[in-house]
Amino acid sequence: MRVAVVTDADGGGLLRALAEDGTPTGPVERVGDLPVAVAERERAARPRWVWAATADLYPRLLAAGARVDRCHDLALTEGILLAAEGRWGEPRSFPAAWARLEGRPVPDDAVRAAVRAGQPALFDHDLLALPDPAELLAGVVAVHGEQQRRLGGLGLLVAAESAGALAAVEMAAAGLPWRPEVHDAVLTELLGPRPRGGAAPLVLQELAGKIEAAFGGQPLNPDSPAQVLRAFAAAGTPLPSTRSHVLREVDHPAVPLLLAYKELSRLHAAYGWTWLDVWVAGGRFRPEYVPGGVVSGRWATRGGGALQIPHALRRAVVADPGWVLVVADASQLEPRVLAALSGDDGLARAAAGGDLYAALAADAFGGDRARAKTALLAAMYGGDVGQLMIVLRRRFPAAVGYVEAAARTGEAGGLVRSRLGRTCPPPSAGWLAATGPAAGPDPDPDAGARARRIARDRGRFTRNFVVQASAADWALVLLAAVRRRLAAGPAGPQLVFFQHDEVMVHCPKADAERVAEVVAEAAEESRRLVFGDTAVRFPLAAAVVDRYADAK
DNA sequence: GGCCATAGCGCG
DNA sequence: AAAGCGCGCTATGGCC
């Protein structure tokens, strides 16, 4: 059973029961207190809630105590369907989908994004000149019905995407346990005491001084790549860039100082005291997750950099007293995904046990694990590793064939899809123009080489897309399965973090063992739902720790 | 003063 | 020995 829902302007809303195909099965119900009505219906019937956008509606419901089990997010679903239909650039919001359905002018997604980001006081209805709640509900019902007709084989992906959106809101509400005093201690240990005003920390100032001295005392801002390049050139060592791996090859007294400076300066700029002030409150870090924010289906975040938390700061992620963190991350996820996707028997055998690269090395690379890993990564990401690829192709023809077919499709301008059907963007107009037949009487002599280069670039993208996006499918279904198995409520285990191939649950110490089992069961369920009958295993390393830093 | 591209690093 | 995919975020520096 499904229930379509919209809010009105003063805390109430409208509901209407739907069949699976979207046909209304009951009257429109007007309720005065939407969270109360949703919570009540959830207890009684556990329906799949159909609404415009989880990110807009669910935070208010959740804050008022109305946690729900399942939903159908019209905006996220529209994005998946449009991509699958090759209609990448079209706006995907509910108002846009509704307008398309009715042949009205289609509002741009940017308008809604601006509303959400900057002006919470404005109701979307007002800005977009949307009609009253009754008409909105009719629109929700109509768009949902149309999406169910377009759904095809994308049902599992749509359900998982919607469940992920619920989890994102719940994780933002729960927050990641974060100890500001530990964070401050880490910063102080590495950078010196917190400076007053806008001054640079002592350690950075001292390093900058030593770097200047190493170049003969000329003034130099180590944060400026251009100035650093000029300094090296003046010292007789012209460099192509100031990247760390370039600097490491250079024999100059400034190099170790610069490397140390870059690392600490980045920590200070991106995750320093300012970040702590802005993002941590009440012992919790609350990022804003953006489900489906990456073309491959991975999540993104808006502010806070939650998906790039430096390892040095994971000491500050500490469970509450009496609680622990269950940190579970998938081992070698992408090569296992390739094995399952391609059905390659040899690679599946290597992926049936613990260390895939070690098994691969024993099987085909004379026991050299590093070479095996290099070869497989190159297959998935598109590197040129010559001899190794020949070995890989001979021993694992189906796996190599799978990614090479994806690369050829991409080079030809075609679309590729993840296991569950998430579809890559089509080539841009510029790409088509640059790779199309040379036009004009006097074609650019470099155009051919350029066309081949950008075609190969897209081949690398689609080669990787099939693997990365299918790994994201698996991780998303895992997240949904973990979420469904955990008891709801602030007293029990809570999902608090999700990062590409890793989930974290914050739970009372006594629940840790059960949570670890839940996560393992969820991984197995995801394997079955996403890949069906495969010998490939997707082991999750689950660690029960007090501090995130102790998980690996 | 704001806008934008670029360089570079963090994470997976 | 080997090289490549996806992001977010910050500082610099040129431009208006």
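Both backbone and side-chain heavy atoms feed into the values below; hydrogens, waters and symmetry mates do not. Order of the sequence lines sets the chain letters (A, B, ...), proteins ahead of strands, with each chain counted from 1.
The residue A/R314 sits close only to the backbone: its heavy atoms come under 4.0 Å of sugar-phosphate atoms, none of a base. At a threshold of 4.0 angstrom between heavy atoms, the contacts of A/G293 with the nucleic acid are absent. When heavy atoms are screened at a 4.0 angstrom cut-off, A/Q227 is found touching the sugar-phosphate backbone but no base atom. In this structure, A/S296 reaches neither bases nor backbone, as no heavy-atom distance under 4.0 Å exists between it and the strands shown. If you check every strand for non-hydrogen atoms under 4.0 Å, A/V467 touches nothing. As judged by a 4.0 angstrom heavy-atom cut-off over every strand, A/A378 is placed among residues making no nucleic acid contact. Among the heavy atoms of the strands lying under 4.0 Å from A/N221 are primed sugar atoms or P, OP1, OP2 only; no base atom is included. Among the atoms of the strands shown, only primed sugar atoms or phosphate atoms (P, OP1, OP2) are found under 4.0 Å from some heavy atom of A/Q499.
Using modelled atom types and a 3.5 Å distance limit, the side chains of A/D329 and A/Q499 yield no donor-acceptor pair. Between A/Q468 and A/Y381, the side chains place no donor N or O within less than 3.5 Å of an acceptor N or O (distance only, hydrogens not considered).
A distance of 11.0 Å separates CD in A/E161 from CG in A/L156, rounded to the nearest 0.5 Å.
Atom CZ in A/F497 sits about 9 Å away from atom P in B/dG12, given to the nearest Å. Remark: C1' of B/dG12 and OH of A/Y289 are 14 Å apart, rounded to the nearest angstrom. Separating the CD atom of A/E288 from the P atom of C/dG8 is a distance of 13 Å, rounded to the nearest angstrom. Distance A/Q308 CD to B/dG8 P: 19 Å, rounded to the nearest Å. At whole-Å resolution of the value, OH in A/Y381 and P in C/dC7 are 13 Å apart. A/F461 places its CZ atom 19 Å from the C1' atom of C/dA3, with the value rounded to the nearest Å. When the P atom of C/dC7 is taken as reference, atom CZ of A/R302 falls 16 Å away, rounded to whole Å. Rounded to an integer number of Å, the gap from A/L388 CG to C/dG4 P is 14 Å.
Residue A/N464 has no polar side-chain atom (N or O) positioned under 4.0 Å from OP1 or OP2 of C/dG4. Proximity of A/H500 to the phosphate of C/dC7: no side-chain N or O atom is located under 4.0 Å from OP1 or OP2.
Considering only the side chain of A/R371, C/dA2 comes nearest among C/dG6, C/dA2, C/dG8. The side chain of A/S224 has C/dG13 as its nearest neighbour among C/dG4, C/dG13, C/dT10. Set against C/dT10, B/dG10, B/dC9, the side chain of A/A269 has C/dT10 as its closest nucleotide.
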Worked check of ring pair (Phe, Tyr, Trp, His ring centres under 6.0 Å) between A/F498 and A/Y289: CA-CA 9 Å; A/F498 173 57; A/Y289 296 102; 8.0 Å; no
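A salt bridge is defined here as a Lys NZ or Arg NE, NH1 or NH2 lying under 4.0 Å from an Asp or Glu carboxylate O, and A/D550 with A/R314 fails to meet this definition. A salt bridge is absent between A/E170 and A/R286; no separation between the charged side-chain nitrogens and carboxylate oxygens falls under 4.0 Å.
Contact check of residues 229-254 of chain A against DNA chain B (heavy atom, cut-off under 4.0 Å) returns A/S241, A/T242, A/R243, A/S244.
In plain terms, the two heavy atoms of A/L325 and A/Y548 that are nearest each other are CD1-N, 3.7 Å.
For A/R460 and A/D368, each mapped to the nucleotide of DNA chain C holding its nearest heavy atom, the one lying further toward the 5' end belongs to A/D368.
Under a cut-off of 6.0 angstrom, the local environment of CD in A/E263 is sparse, with at most 12 non-hydrogen atoms contributed by other residues, nucleotides or ligands. Within 6.0 Å of CD in A/E181 there are more than 12 heavy atoms belonging to other residues, nucleotides or ligands.
You won't find any donor-acceptor pair under 3.5 Å spanning the side chain of A/R463 and the base of C/dG4, going by distance alone.
Shown here, C/dC5 forms a base pair with B/dG12; the pair counts as Watson-Crick or G-U wobble because both key distances fall under 3.5 Å.
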